[in-house]
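By convention in this document, chain letters (A, B, ...) are assigned in the order of the sequence lines, proteins followed by strands, and residues within each chain are numbered from 1.
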Protein chains: 2
Amino acid sequence: MHDHSAVHEHAACCGNATDTLARAERLCAERDLQFTRLRRDVLEAVASEAKPLGAYDIAERLSGQGRRVAAVSVYRALDFLTENGLVHRIASRNAFVSCGHQHGDGAGLVFLICRTCGSIDETTSPEVDDQLDRTLAKAGFKPSSRILEVEGECGSCSGREPSP
Amino acid sequence: MHDHSAVHEHAACCGNATDTLARAERLCAERDLQFTRLRRDVLEAVASEAKPLGAYDIAERLSGQGRRVAAVSVYRALDFLTENGLVHRIASRNAFVSCGHQHGDGAGLVFLICRTCGSIDETTSPEVDDQLDRTLAKAGFKPSSRILEVEGECGSCSGREPSP
DNA sequence: TCTGGTGCTGATACACTGTAACATCGCATC
DNA sequence: GATGCGATGTTACAGTGTATCAGCACCAGA
């Protein structure tokens, strides 16, 4: 069903897809939102990859076997999922990853994008948030949302020799 | 030639376009690079707006009067300008702004994008950089580049009443 | 039960963003 | 002049995202 030959071996991978789905289901029940089949399938597709997926990739994965999922439907599902914090958009890649954490809604996320294996990790850093808030206040700027994405090499890949 | 009816009144605007061009000329001379007409025109277009411009916007502005500038040419010019730090790409908008500062090449920039007037300011913050480096080190991640973009309301706009 | 509204999905079309490939031009160098 | 190189022009196309309208399920209320 899905390719495991790649380099990544993140905890965030496949094993957690079911967790993510369960959490989503709970959250939607709490907020009285519909966790429909399409939304579930889109979330599952995203959650089963540590790499970010494009909307068209997702559409392709969900299509086949007599089912056709158009990209536009995927976008709508992704809008829903991002609004509810279940999925994050990676602006620098025009792609999406499932949210691995249960952070408070307001938490400032840092995305770590590995150039070598293509995987994405997310962290939070209150210290960075603090300093950033201070910087913004000094500039007289009232933030409402922010994007912080770092490209580089992840721990697993820098431990490994670069492939020849 | 260009619309001044808008809300913004940033110092970064129009008056500085000539400064930016002069700096670009100097920099290209130093590095033995060609500062061609197209590159100059693209930079001028970007520098004369505090708002980020899309590549197709730029192409449109440069076209007319018997001249036709295709978007692909604009992209090439933008590649050149971004590689040399004269222009920055705003990932969250798929758009470009001219670089207002003379920061060292490695400096971590923070882009402040105003939702109300659409203008973009840029700052740097060594403190944020410090904390971010620390966070990345803790995660075992070696950064090579990063994006930090904040959306919100700029000082001039939050002083002003919201338009009805 | 019927009816109307609301929210989700399907489908088509289209706009915007970005790249590939090849031809041409100008310029420096040999 | 011949050659090579970088920049630009041109066309075509791939990838990303939105607008719009139609159908469908489901629920509330008459």
Side-chain angles (χ1 to χ4, degrees), chain A residues 24-25 27-29 31-46 51-84 86-97 118 147 149, chain B residues 24-25 27-29 31-46 51-84 86-97 118 147 149:
Chain A
E25 206 143 0
L27 183 144
C28 288
R31 301 189 189 172
D32 207 34
L33 299 170
Q34 300 185 42
F35 194 51
T36 63
R37 179 183 170 207
L38 180 65
R39 292 171 179 175
R40 209 199 86 96
D41 290 351
V42 168
L43 180 57
E44 186 176 23
V46 172
K51 295 186 297 186
L53 290 181
Y56 282 71
D57 291 337
I58 299 169
E60 205 172 322
R61 287 180 187 221
L62 299 188
S63 296
Q65 310 288 349
R67 185 188 190 191
R68 180 184 119 92
V69 177
V72 61
S73 300
V74 174
Y75 276 110
R76 282 190 288 230
L78 287 170
D79 283 346
F80 172 87
L81 295 169
T82 49
E83 274 166 20
N84 290 285
L86 295 164
V87 157
H88 300 297
R89 184 190 151 79
I90 307 298
S92 61
R93 298 271 175 126
N94 295 324
F96 300 83
V97 292
I147 295 170
E149 298 171 11
Chain B
E25 206 142 2
L27 182 144
C28 288
R31 301 189 189 172
D32 208 33
L33 299 169
Q34 301 184 43
F35 193 52
T36 63
R37 179 185 170 209
L38 179 66
R39 290 170 181 178
R40 209 199 85 96
D41 291 350
V42 168
L43 180 57
E44 187 177 21
V46 172
K51 294 188 298 188
L53 289 180
Y56 281 71
D57 290 337
I58 299 169
E60 205 172 322
R61 287 179 188 222
L62 299 188
S63 296
Q65 310 288 349
R67 187 188 190 192
R68 181 184 117 93
V69 177
V72 61
S73 300
V74 173
Y75 275 110
R76 282 190 288 232
L78 287 170
D79 284 345
F80 172 87
L81 294 169
T82 48
E83 274 166 20
N84 290 286
L86 295 164
V87 157
H88 300 296
R89 184 189 152 78
I90 307 299
S92 61
R93 300 272 175 125
N94 295 323
F96 301 84
V97 291
I147 295 171
E149 298 170 12

(Q) Quick check on DNA chain D: between B:L33 and B:R68, whose nearest nucleotide comes earlier from the 5' end? (A) B:L33
Q) Rounded to the Å, how far apart are B:L53 CG and C:dT17 C1'? A) 15 Å
**Q.** Any side-chain heavy-atom pair of A:C28 and A:N84 under 4.5 Å
**A.** no
(Q) At less than 3.5 Å, do the side-chain atoms of B:R76 and the base atoms of D:dG9 form a donor-acceptor pair? (A) yes
Q: Please report, rounded to the nearest Å, how far the C1' atom of D:dA19 is from the OH atom of A:Y75.
A: 14 Å
**Q.** Rounded distance (Å) that lies between atom P of D:dT16 and atom CD1 of A:I90
**A.** 14 Å
Q | A:E149 (side chain) donor-acceptor with A:A91 (main chain) under 3.5 angstrom | A | yes
Q. Between A:Q34 and B:V72, which has a closest nucleotide on DNA chain C that is more 5'?
A. A:Q34
Q: Consider the side chain of B:R89, meaning its heavy atoms from C-beta on, and name the nucleotide among D:dG17, D:dT8, C:dG18 that approaches it most closely.
A: C:dG18
Q. Which residue lies toward the 5' end of DNA chain D, B:L38 or B:N94, if each is placed at its nearest nucleotide?
A. B:L38
(Q) Nearest to the side chain of A:R39, heavy atoms from C-beta on, is which of C:dT17, C:dA11, C:dT9? (A) C:dT9
Q: Please report, rounded to the nearest Å, how far the C1' atom of C:dT17 is from the CZ atom of A:R93.
A: 17 Å
Q: Give the minimum heavy-atom separation between A:A70 and A:A59, together with the two atoms involved.
A: C-CB, 4.3 Å
Q: Find the distance A:R40:CZ to C:dT9:P and express it as a whole number of Å.
A: 14 Å
Q.
Do B:R76 and B:L78 have side chains that approach each other closer than 4.5 Å (heavy atoms only, starting at C-beta)?
A. no
Q) Roughly how many Å is it from CG in B:L78 to P in D:dT8, rounded to a whole number? A) 12 Å
(Q) I want to verify a distance call: between D:dT10, C:dT9, D:dG17, whose nearest atom is closest to the A:S73 side chain? (A) C:dT9
Q) With a cut-off of under 6.0 Å to the ring centre and 45° to the axis, is B:R39 in cation-pi contact with B:F80? A) yes
Q) Whole Å only: how far is the CG atom of A:D57 from the P atom of D:dA14? A) 16 Å
(Q) Measure CD/B:E60 against P/C:dT17 and give the value in whole Å, please. (A) 11 Å
Q. From the list D:dG9, D:dA7, C:dT17, which nucleotide is the closest neighbour of the side chain of B:Y56?
A. C:dT17
